[in-house]
Amino acid sequence: MYTLTGLELKNPTILAAGILGTTGASLCRVACEGGAGAVVTKSIGPMPKTGHPNPSMVRLECGFLNAMGLPNPSYPGFLQELEIAKKDSGVPVIASIFGGTAAEFTEVAEGLLPGKPDAFELNVSCPHAEGYGAAVGTNPCLVEAITAAVKDVVNVPVWVKLSPNVSDITCIGTAAESGGADAVVAINTLKGMAIDIESGYPVLGNRSGGLSGKAVKPVAVKCVYDLYTALEIPIIGVGGVSSWQDAVEMMMAGASAVQIGSAVYDRVDIFSEISTGIEAFLQRKGYSNVKRLIGLSHEMV
Amino acid sequence: MYTLTGLELKNPTILAAGILGTTGASLCRVACEGGAGAVVTKSIGPMPKTGHPNPSMVRLECGFLNAMGLPNPSYPGFLQELEIAKKDSGVPVIASIFGGTAAEFTEVAEGLLPGKPDAFELNVSCPHAEGYGAAVGTNPCLVEAITAAVKDVVNVPVWVKLSPNVSDITCIGTAAESGGADAVVAINTLKGMAIDIESGYPVLGNRSGGLSGKAVKPVAVKCVYDLYTALEIPIIGVGGVSSWQDAVEMMMAGASAVQIGSAVYDRVDIFSEISTGIEAFLQRKGYSNVKRLIGLSHEMV
Amino acid sequence: MLPLNATIVHITEESPSIRTFFFDLEFETMEPGQFVMVWIRGVDEVPMGLSRKNSITVQKVGEATSKLFELKEGDSFGLRGPFGKGFSLPSKGEKILIIAGGVGSAPLAPYADAACAVDSKVDTILGARSADDLIFEERFAAAGEVYVSTDDGSKGTKGFVTDILSRLDVLLYDRIAVCGPEIMMASVFRLLEDRKVLEKAEFSLHRYFKCGIGVCGACCIDRSGLRVCKDGPVFSGVQLLDSELGRYTRDASGRRVKI
Amino acid sequence: MLPLNATIVHITEESPSIRTFFFDLEFETMEPGQFVMVWIRGVDEVPMGLSRKNSITVQKVGEATSKLFELKEGDSFGLRGPFGKGFSLPSKGEKILIIAGGVGSAPLAPYADAACAVDSKVDTILGARSADDLIFEERFAAAGEVYVSTDDGSKGTKGFVTDILSRLDVLLYDRIAVCGPEIMMASVFRLLEDRKVLEKAEFSLHRYFKCGIGVCGACCIDRSGLRVCKDGPVFSGVQLLDSELGRYTRDASGRRVKI
Ligand SMILES: Cc1cc2nc3c(=O)[nH]c(=O)nc-3n(C[C@H](O)[C@H](O)[C@H](O)COP(=O)(O)OP(=O)(O)OC[C@H]3O[C@@H](n4cnc5c(N)ncnc54)[C@H](O)[C@@H]3O)c2cc1C
Ligand SMILES: Cc1cc2nc3c(=O)[nH]c(=O)nc-3n(C[C@H](O)[C@H](O)[C@H](O)COP(=O)(O)OP(=O)(O)OC[C@H]3O[C@@H](n4cnc5c(N)ncnc54)[C@H](O)[C@@H]3O)c2cc1C
Ligand SMILES: Cc1cc2nc3c(=O)[nH]c(=O)nc-3n(C[C@H](O)[C@H](O)[C@H](O)COP(=O)(O)O)c2cc1C
Ligand SMILES: Cc1cc2nc3c(=O)[nH]c(=O)nc-3n(C[C@H](O)[C@H](O)[C@H](O)COP(=O)(O)O)c2cc1C
Ligand code: FES
Ligand code: FES
C-alpha cells in the first residue's frame, strides 16, 4: 500500500484512460482479475458521442494507432457505470473527463460527483478535441484555467493528463500545477498516421490519430524526466509500459506510478505481472519500497 | 530520373543527414554500393565539435536513440570530404549545416560553397543546438530568418529540415517556405530517453537524445501529410523508412522523395532495395511514374 | 497488423439480402466462429464471421454492408484478423447440435464442416424468416440432419428454432453451438438453462466493435466485463449466466440500449 | 539492444598497465576479433575486443580505462555486443601466423584458442615494449610456437615484430592475423604486401567509435568508406590496399589526424 495524491494504492500500476473503461464491469475486471492498483475510466464529456468511424484502432509493427474520437455516453449515461466500478472494483476509481471549455469540464465533473470518483483526470490532451482549433492541452493558459475551475467544484484530487504534442511539455505541466493540479499524467498519444498503400487510403476512419505502445516509451520517459525536474507534484507515467522493466524505468525517470494502456492487448493481468516484477526487483536490489525508485535517475550523474 | 528542387535524382531515396556522412568516401559508398539517389552530409557547423560522450547511439526494441551532439570538423575541416563526395559519388550531394544564429548558418554555407554542394539542408531541428535555449527550429521567426539569410548567399536549392518536437509543424514549415526554402525535410528525431534500470543511469552520454527508426514512422507520416496540405514546396519524408512499403506510404502522404537514416543499420544497400521495390510497385499498379504516388492519400476520401 | 488487401474473386447470392464474398486470401489458422474486421475503405470497418477460410457471408443491413454489396469481382476491401475465440472443436465421434438463425449460419457452416471432417454427427436447427432466407442448408445437410424452421412457414416448421429445439432431447448432444439474432439466442439460452445443459452450449455474440482487438473496451458485456471481440465472440453458456444477453446492448457511444 | 549489466567476477593483472576483467556474462556466439562497447557509467563508453567470451583485457590509457581500473570485483559496467566482423576461423590443419603487438593480443588470444581447437598449427609473433608488457604468452604458446620481440630487448628479440616477421617464410602460412598499434600494423602490411600475401592476411583496426553499430559513420576509413565498427574491425589485407592505414585517422569530430 502506498499513497498517491491521497489515494491508497495497493500497487503502482493503474489502468490508463480509454482502455477497457467503457463499462463498470470491465473496470472491475481489470482491478480484480487484472490486478490494477487503480483504474481510470474512459474519458467522459458533456454530450453523448459515437466517436469516429472505424477503423478506430490498428496494431502497427511498433505500437498502436487509434482515433476513437472520444466515444462516450456523456456523464448522465456514464453514472451507472461509475457506480458499479466504485462498488465492486475494490480500488480507487478515477474519472477521466474532457470538454472544450472550462465550463464544460466543470459541468462533467459535477455531473459525475454523485458517482463518487476517487479523483478526476482531466483529459486536456486529446488530439481530436474540438473548440479551440488545436487541442486545449497545447495552451498553458487554458490548462491552468480548466484545472483551477475543476479544483473549485470538486473536493477530490485532480490529475491533469498532458499531451506530448507540444514544444515544451514542462510548460503545460507547470500550468497544471499552477492551476492546483494534484498530479500530472504523461503522456497521451503522439500524433500519428498510417496509410494503406494498396488503396492510398489513410487506415484510420479519422485519417490520423494517436500513437501508443512500445513506440512511444522513450518519448514518455523523456517527458516524465523533464516534468520531474520542473514540478513539485507527482507525475504518473504512461506510454508504452508493457513490462516491469518499463515500469521501473518510468519510475526512475520520475513517475510516482505508471498507467498501462495498449499493453492490455497482450493480457489483462499485465497489472499483477508488472507489480509482482517490481516487487521482485525491489527485493533483489534491497530497496525498502517503491518510493526509492522515483526519480532515481536524476541522482545518477 | 526525376527532378527534385532542380536536382536530377535517379531514384527517390536519399541518405539522411548524420548517417554515414562523416567522410567523403563513406558518402560515395552509400551512393555507389548503396544505390542512394542523393546523399546528405553530416551536419556541419562553424566550429569543430567532438560531440557528446558515448554511449551516443543505442538500438531499442523499437527504433534507435541517439545523442551524437553534432560532432563535426567544422566547415574548413569538412571541405575536403565534400570535394571527394562531389567528385566520386555520381549523385547530388547535399550539405547539411547548422548554427545557432543566421550569421553562423551563412558563415558555414559560404564556407562550404567552394565544395560545390548541389543543395544545402538547414538543420534547424537538432534538439541539442545551443544558443537559444530550446532548439532554433521551434521558433518560426528564426527559421524564416535563417532560411532567408542562407538563400541570400547561395545559388543552389535550400532545404529546411524540420523538428517534430513542436505543437504544430506546419507553422514551422510555412516559416521555412516564407523564408524562401525550396523544400522541407521532415522529420528529425523525436525527443526521447532510455534509462538503465540496473544502475539508474540514463543510457545516453547526453542523458537524453532523439528517437529514430521504426518507432517514429507514424509520426513522420502524419507530419508529411499535414505539411503537404499546408505548403506549396516539395516535402522530403524521413523517419522510420526501412522498406519500399514505408517509402510508398511516405510518398502517398505527400513526400516527393524519402530520406533513409537508421535503416542503414540493416544494410547499406537498402537504397537500391527500396527503389527497386518502388519501381515494382509502380509497375504492378500501372502507375506511369513515381510522381503519381505523391500525395495520393489526400485524394482518397 | 494493418488491414490486408483482399480482392474479391467470386460473389455468391445466398438469399435476397445475403451474399458470400470469396477473396484471394486464405486464413489457414481460422477457427470456426472467429471473425475478421472488414474495411470498406472510405466508409467503415465492421466485424464479419468467416464463413470459410476465404469467404465472408454478409447480410445487407446498413451503410457499410450496402457499400459492400456494390462491390464486384476484382474489387477489394481491407481485412484484419482472424480475431477472437471460435467454437470449441468437437472430438471424433461427438454428437453436435447446431442452432443457426438467419445470417448466424455464416460462422456455423465452417463449424459443421469441421465437425464433419472429424466424423462428428451433426444435427442442425436452421431458422430464417422465410425459405428464401435460409443459407448454407446444403453445408449443414452434408454434415447430418437439418431441421428447418421459418417464421412464415414457407419451409419446414412454421415458427422459431426454439419450437424445434423444445422437441429435441438435448441430453443426446455433447456440444451445442448457437448463433443468430440476439432474441433467438436469448430464448435458446433460457431453454438450455432450463434443461441444465448450459455447460455444453456455446453462443456467438454480437456487440458494437471499435478496436476489435480487445483494447478499447467498447464491446464488454455485463456482468463479467468480458470482451466480445477478444474473450469471445463465442462464449460458453456458463460464461453468460447472469449476463446482459437478451436484455440490453451498448451503442457506439457506450450507452445501454434495450434489446 | 540496451547495455547488459556485467558484474566483474575476477580481475587479472596481465602487466603493469593491462588488466583482464572477467564478468558474469558469456557471449556464446562471439567470434575472435569481435568487440563489445564497454560502458563505464557516468563516464564514457569505449570499444574493447573480447579476450574470451567472458572477459575483456584493457590497457589503461585515458579517462574511461582509468575509471575501469578503479572498479573491483562485484562492481559492474554496461556491455553491448558482440559487434563487428571477427577474424576468419581457420579450417582443421591450416597453418596460422598470428602477429600481436601490445594489447593487440587481446582479440588474438581467443583466435589462437579457436585455431588450436580445430588442430591448426599456430605460430605467434608477440611484441611489446618490454618483458613486463607481454600478455597472453601462455595462451599463444599452448597453440604453437611463440616468437617474442621487445622494444628494449628485455625478452626475446630486441626490436619490432617486423624484425621477426622479415625472417619468417610467410608463404608457409594459410592465414595471417594481425592486431597491434597502427604503426606496427602498417609496417606489417607493407611487408606482407611486398611478399604478395595480403590476400591471406587480416588486420584488426582501431578507429574512433561513436555508435559502434554501423550507422553514424564516425569510424569510416578511406578510400573504401568501410565502417571499422561493422564492416570490420577485422579487414582483409586486400580491403586495406590504398587505404588510410598508417597514414591518418579521424578524431571524435571527424577531423583527420596524422598517425
Ligand atoms: C463477431 C461478429 C460477427 C459478425 N458476423 C457477421 C456475419 O458473418 N455476417 C453478417 O452479415 N453480419 C455479421 N455481423 C454483424 C455485422 O457486423 C453488422 O451487420 C454490420 O456491422 C452492419 O454494418 P452497416 O454499416 O451495414 O450497418 P449500420 O447501419 O452501421 O448498423 C446496423 C447495425 O449493425 C451493427 N453494427 C454496425 N457497426 C458495427 C460494428 N462496428 N461492430 C458491430 N456491429 C456493428 C449494429 O448493431 C448496428 O445497429 C457480425 C457482428 C459481430 C460482432
Ligand atoms: C575495435 C576496437 C577494439 C579495441 N580493443 C581493445 C582492447 O581489447 N583492449 C584495449 O585496451 N583497448 C582496446 N581498444 C582501444 C580502446 O577502445 C581505447 O584504448 C579506449 O577507448 C581508451 O579510452 P579512454 O577513455 O581510457 O582514453 P581517452 O583518454 O578517451 O583516449 C585515448 C585514446 O583512446 C582512443 N579512444 C577513446 N575513445 C574511443 C572510442 N570511443 N572509440 C575508439 N577509440 C577510442 C582514442 O584513440 C584516444 O586517442 C580497442 C579499440 C577498438 C576500436
Ligand atoms: C484505444 C485507446 C483509447 C484511448 N482513449 C483515451 C481517452 O479516452 N482519454 C485519455 O486521456 N487517453 C486515452 N488514450 C490514451 C491512453 O490513456 C494512453 O495515454 C496512451 O495510450 C499511452 O499509453 P500506452 O502506450 O500504455 O497505451 C487512449 C489510448 C488508446 C490506445
Ligand atoms: C546517429 C544519427 C545521427 C544523426 N545526425 C543528424 C544530423 O547531423 N543532422 C540532422 O539533420 N539529422 C540527423 N539525424 C536525424 C536523421 O537524419 C533523421 O532525420 C532521423 O534519424 C529519422 O530518420 P530515420 O528514422 O530514417 O533514422 C541523425 C540521426 C541519427 C540516428
Ligand atoms: S471492440 Fe475494443 S475491446 Fe472489443
Ligand atoms: S562508429 Fe558509428 S558507424 Fe562505426
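Both backbone and side-chain heavy atoms feed into the values below; hydrogens, waters and symmetry mates do not. Each chain gets a letter, A, B and so on, in the order its sequence line appears, and its residues count up from 1.
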Can you tell which part of B:V216 gets under 4.5 Å to a heavy atom of chain A, answering side chain, backbone, both or neither?
neither
Heavy atoms of B:F271 and B:T13 approach each other most closely as CB-OG1, 3.5 Å
If the contact rule is any heavy atom under 4.5 Å from chain A, which residues of residues 276-294 of chain B qualify, in numerical order?
B:F281, B:R284, B:K285
Within a strict 4.5 Å, meaning less than it, do heavy atoms of the A:H52 and A:M68 side chains meet?
no
Under a 4.5 Å cutoff for heavy-atom pairs, which residue among B:V224, B:D226, B:I195 has the most contacts with chain A?
B:I195
Check: A:V124 and A:K161 side chains under 4.5 Å, non-hydrogen atoms
no
Bottom line for A:I169: the part with an atom under 4.5 Å from chain B's heavy atoms is neither
Taking every non-hydrogen pair under 4.5 Å, which of A:S167, A:S199, A:P164, A:A215 racks up the most with chain B?
A:S167
Choice from B:V221, B:V166, B:L65 maximising heavy atom contacts with chain A below 4.5 Å
B:V166
Which region of B:L211, side chain (C-beta onward) or backbone (N, CA, C, O), has a non-hydrogen atom less than 4.5 Å from a non-hydrogen atom of chain A, or is it both or neither?
side chain
Give me the one residue out of B:I172, B:L231, B:T174 that meets side-chain contact (heavy atoms from CB on, under 4.5 Å) with B:V184.
B:L231
For B:K217 and B:E249, what are the C-alpha separation, side-chain angles and deciding distance, and is it a salt bridge (charged side-chain N to carboxylate O under 4.0 Å, His left out)?
CA-CA 10 Å; B:K217 196 191 69 176; B:E249 183 179 10; 2.9 Å; yes
Under 3.5 Å, is there a donor on one side chain and an acceptor on the other for A:K191 and A:S208?
no
Can you see which heavy atom on A:A67 is nearest to which on A:L204, and at what distance?
CB-CD1, 3.9 Å
Which atoms of A:L190 approach chain B - backbone, side chain, both or neither, heavy atom under 4.5 Å:
side chain
With a 4.5 angstrom heavy-atom cut-off, could you sort out which part of B:Y201 is near chain A: side chain, backbone, both or neither?
both
Heavy-atom check, side chain of B:E299 versus side chain of B:L296, under 4.5 Å:
yes
Check: B:N66 side chain, B:T189 main-chain N or O, donor-acceptor pair, under 3.5 Å
no
For a 4.5 angstrom cut-off between non-hydrogen side-chain atoms, does B:I146 reach B:L122?
yes
